Amino acid sequence: MVPAWLWLLCLSVPQVTLETKDGHVLWGPQPVRVHVKDENDQVPCFSQAIYRAQLSQGTRPGIPFFFLEASDGDEPGTANSDLRFHILSQAPAQPSPDMFQLEPRLGALALSPQGSASLDRALEGPYQLLVQVKDMGDQASGHQATATIDVSVVESTWVPLEPIHLAENLQVPYPHHIAQVHWSGSNVHYHLESQPTGPFDVDAEGKIYVTSELDREAQAEYLLRVWAQNSGGEDYAEPLELQVVVMDENDNVPVCPPPGPPVSIPELSPLGTEVTKLSAEDADAPGSPNSHIAYRLLSPEPEEGAAGTAFELDPTSGSVTLGTAPLHAGQNILLQVLAIDLAGAEGGLSSTCEVTVTVSDVNDHAPEFTTSQIGPISLPEDVEPGTRVATLVATDADLEPAFRLMDFAIEGGDVDGIFGLDWEPDSGQVQLRLCKNLSYEAAPSHEVVVVVRNVAELVGQGPGPGATATVTVLVERVLPPPKLDQDSYEATVPVSTPAGSLLLIVQPADPTSRPLRFSLANDSEGWLCIDKVSGEVHTARSLQGAQPGDTYTVLVEAQDADEPRLSTSATLVIHFLKAPPPPALTLVPVSSRHLCTPRQDHGVIVSGPSEDPELASRQGPYSFALGPNPTVQRDWRLQPLNGSHAYLTLALHWVEPHEHVVPVVVGHNGRMWQLLVRVIVCRCNVEGQCMRKVGRLKGMPTKLSAVGTLVGTLVAIGFLLILIFTHLTLARKKDLDQPVDSVPLKAAV
């Protein structure tokens with residue numbers, strides 16, 4: 001070994017100093033280090049000459065159970081101090097010569113696989129091992145030393161543990177010893193793990209402790225694992241398991257379910273209907289008395305004098321059912337139930353559970369009208385459809401809005417659909433309205449029966465008598481105002497028309513209506529007059545002062561002869577024409593035509609140009625008008641068809657059969673012509689052909705035939721006279737009762 005004073009040698013050399021001109025030292029004396037090389041001149045040695053070790057049966061092979069200690073005085077980290085350990089011999093060499101193995105670098109002694117198998121069959125030992133330590137590492141040269149290890153094999157005490165039962169909330173000093181483990185070998189350290197993690201620990205002697213109180217509700221069981229390890233943390237054997245069971249104490253009160261929405265139960269629900277089922281929970285051990293819960297109803301309490309209770313409670317299951325006392329829609333009831341553990345025994349812990357019960361409505365009330373008889377209500381028969389007749393109000397005792405929705409219908413008294421109903425879906429009011437016109441003659445009164453029903457299906461008894469209401473309506477007779485056959489009248493007359501000329505006839509629209517009385521208003525010039533019974537409008541005097549092209553408007557008033565308050569009126573407009581100068585009017589004869597009487601649906605076509613060469617040479621359009629003769633305007637009607645033709649028909653239903661000359665005034669470019677249209681009015685057959693007289697037969701009759709002919713002729717004449725008189729009587733009656741189309745045609749411009 002190198003002496004310590006030789007590790008560092010300082011040599012003295014001449015002290016040479018370099019300085020600058022200003023005295024700054026550039027270089028001075030420096031120390032010199034001298035390293036002395038190590039030589040392998042030290043022999044390794046064990047810490048003991050004889051070692052003693054205990055080997056527990058059951059130690060896993062390869063796990064060191066003893067560590068050798070040796071040292072070398074040479075320089076550390078060099079080959080001179082690099083030590084290797086070896087087993088030189090084993091005594092005895094049975095059952096296997098290689099019972100042990102020694103880790104060469106660490107000196108860790110372990111059981112070999114062969115030795116482990118031998119120790120498992122039988123307990124052997126003790127063993128004496130001669131071990132060697134050598135420096136210079138794995139080189140063949142080097143210094144060496146030996147030592148002896150006495151290994152005693154002992155029986156394993158590493159045995160399974162029985163489960164341990166610990167009471168929760170145990171009131172003892174902590175840490176509290178609960179179990180003991182022991183590894184029979186030497187060089188042992190203990191390690192403990194808890195699954196799940198719990199308040200447990202183990203000391204160096206293998207004593208297991210619980211370090212704080214346990215809570216069964218937090219963790220009911222623990223699994224502890226304990227390992228026996230060497231100083232290197234390697235396991236000698238499989239860990240031992242210790243099951244710790246936490247015993248329950250009645251330290252938890254029953255927990256009621258969290259409050260939920262109110263429980264809804266329909267009214268009229270039958271006896272025994274389940275309202276709710278309470279299920280309180282107790283965190284104590286399931287199946288034990290500590291978690292056995294019983295129930296007791298606290299509220300609502302039975303009312304005094306009540307025949308029964310509204311609710312029944314099963315103390316075991318917690319089921320709440322309906323009792324015999326009735327419930328009413330809209331009630332909100334708070335149920336309070338006491339939950340007690342220990343099956344309700346004295347000393348049990350308890351909690352109060354609350355449940356809100358709402359009694360929901362069912363549609364058990366039919367709607368009813370507030371009054372069953374309405375009226376009588378008087379309505380004039382001319383009241384307009386859509387008029388409100390009456391308002392009916394119905395009510396429903398149900399609470400749910402959907403159950404108060406009503407439907408209305410007319411159940412009787414309205415076969416013709418004269419009335420109708422109008423209502424809002426969410427309203428209890430219904431309007432009885434008029435849909436058609438009333439008629440006093442058809443029905444002077446009505447009794448309309450209105451029924452109300454629920455839209456939703458009704459539960460229980462059906463509608464009562466209040467579900468119908470009768471509306472009595474009396475119809476007031478109203479006489480309609482008179483109505484004329486035209487809304488307004490017009491007539492075209494020349495300014496030269498003399499007094500007394502018939503212009504037109506004002507007639508009622510319905511010839512069978514009540515008689516009217518006519519009058520004129522606004523006749524400022526006094527030119528016109530009207531027959532108050534017949535409605536004939538004449539010129540009262542000459543039209544002095546009237547100018548061609550002017551118009552004259554008067555008001556025709558008509559009043560009901562029996563009810564003067566009923567009246568109507570229409571305007572009459574007179575258009576004045578220029579009186580045609582005699583030289584300008586050319587008479588043009590027109591060939592004869594025939595029309596049937598009584599009047600049939602055909603007329604005569606009047607053509608302007610085709611009747612006269614002078615007219616035919618002129619280009620239209622032409623204007624057509626009847627001559628100014630009042631009789632002509634009364635008996636005939638002329639309607640223009642186009643610019644060259646007009647249509648002539650009878651204005652009266654009956655005109656005497658003979659040849660008539662009808663003057664027709666044709667105008668063109670300020671010039672006027674008068675056509676004389678010859679019309680033969682005759683009786684016609686069913687085919688519309690004139691029936692003409694038959695001429696005399698040729699030849700001389702015999703006396704007998706002459707006498708027979710004379711007698712037959714006299715009889716025929718008598719019969720014909722009877723027919724003629726009868727016809728004249730009927731014709732006169734028809735003239736008195738003129739129809740609408742018998743009004744004289746108003747003059748056309």
Side-chain angles (χ1 to χ4, degrees), residues 163-172 174 176 194-199 210 212-223 243-266 269-303 306 308-325 327 331-360:
I164 297 176
H165 293 77
L166 294 178
E168 63 174 336
N169 306 320
L170 186 63
Q171 301 298 317
V172 294
Y174 290 94
H176 176 60
S194 172
Q195 183 65 33
T197 303
V210 57
S212 63
E213 294 182 7
L214 300 179
D215 184 0
R216 193 208 66 83
E217 287 70 41
Q219 184 62 41
E221 292 184 1
Y222 295 90
L223 181 63
Q243 185 179 13
V244 178
V245 179
V246 184
M247 299 178 62
D248 184 45
E249 295 289 333
N250 190 23
D251 57 344
N252 290 278
V253 298
V255 177
C256 297
V263 177
S264 179
I265 187 75
S269 295
L271 177 68
T273 300
E274 186 175 76
V275 178
T276 186
K277 187 173 184 179
L278 294 173
S279 181
E281 296 182 356
D282 195 306
D284 291 320
S288 68
N290 297 334
S291 61
H292 188 182
I293 300 174
Y295 300 93
R296 185 187 308 161
L297 183 63
L298 298 180
S299 69
E301 297 179 354
E303 298 181 1
T309 59
F311 300 96
E312 300 288 344
L313 175 64
D314 187 325
T316 303
S317 65
S319 176
V320 180
T321 57
L322 291 181
T324 56
L327 298 177
Q331 282 185 285
N332 289 321
I333 304 170
L334 181 62
L335 290 179
Q336 290 184 324
V337 177
L338 189 66
I340 314 171
D341 61 13
L342 295 181
E346 184 178 357
L349 305 178
S350 64
S351 296
T352 301
C353 304
E354 294 183 348
V355 177
T356 301
V357 178
T358 299
V359 183
S360 61

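These figures come from a predicted structure and were not determined experimentally.
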Tell me every residue that passes side-chain contact (heavy atoms from CB on, under 4.5 Å) with [X], counting only those two or more places apart in sequence or in another chain.
X    : answer
Q219 : P196, Y222
L223 : R225, E241
P266 : S269, S360, V362
S288 : D248, A285, N290, S291

Legend entry - Euclidean distance, L214 CG relative to E168 CD, rounded to 0.5 Å: 8.5 Å

Inset, instruction - Kindly compute the distance separating CD1 (I293) from CG (L349), expressed to the nearest 0.5 Å. - result: 10.5 Å

Counting only pairs under 3.5 Å, give me each side-chain donor-acceptor contact of residues 311-322, with atom names and distances, residues two or more places apart or in other chains.
from	atom 1	to	atom 2	distance (Å)
E312	OE2	T309	OG1	3.0
D314	OD1	T316	N	2.9
D314	OD1	S317	N	3.4
D314	OD2	S317	OG	3.4
S317	OG	S319	N	3.4
S319	OG	E274	OE2	2.7

Legend entry - side chain to side chain donor-acceptor pair (under 3.5 Å): pairs with one or both residues in residues 332-345, sequence neighbours excluded: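 As it turns out, the side chain to side chain donor-acceptor pair (under 3.5 Å) pairs with a partner in residues 332-345, which skip direct neighbours, are S299-Q336, N332-T358, Q336-E354.
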
Inset, instruction - Taking all non-hydrogen atoms of both residues into account, name the closest pair between I340 and A345 and its distance. - result: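 Looking at all heavy atoms of both residues, the shortest contact is CG2-O, 4.5 Å.
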
Legend entry - Over 12 foreign heavy atoms within 6.0 Å of CD, E221: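 Result for CD/E221: enclosed.
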
Inset, instruction - For E346, check side chain to side chain donor-acceptor pair (under 3.5 Å) against everything at least two apart and list the hits. - result: none

Inset, instruction - With sequence neighbours left out, write down each residue that passes side chain to side chain donor-acceptor pair (under 3.5 Å) with Q195, or none if nothing qualifies. - result: none

Legend entry - Test side chain to side chain contact (heavy atoms under 4.5 Å, CB included) applied to I265 and V357, step by step: CA-CA 7 Å; I265 187 75; V357 178; 3.7 Å; yes

Output side-chain donor-acceptor pairs under 3.5 Å for residues 249-261, partner residues at least two apart or in another chain, one line each.
from	atom 1	to	atom 2	distance (Å)
D251	OD2	N169	ND2	2.9
N252	ND2	E217	OE1	3.0
N252	ND2	E217	OE2	3.0
N252	ND2	D284	OD1	2.9

Legend entry - Residue pair V246 / L166, side-chain heavy-atom distance below 4.5 Å: no

Inset, instruction - Answer whether the closest heavy-atom distance between the side chains of I333 and L327 falls below 4.5 Å. - result: yes

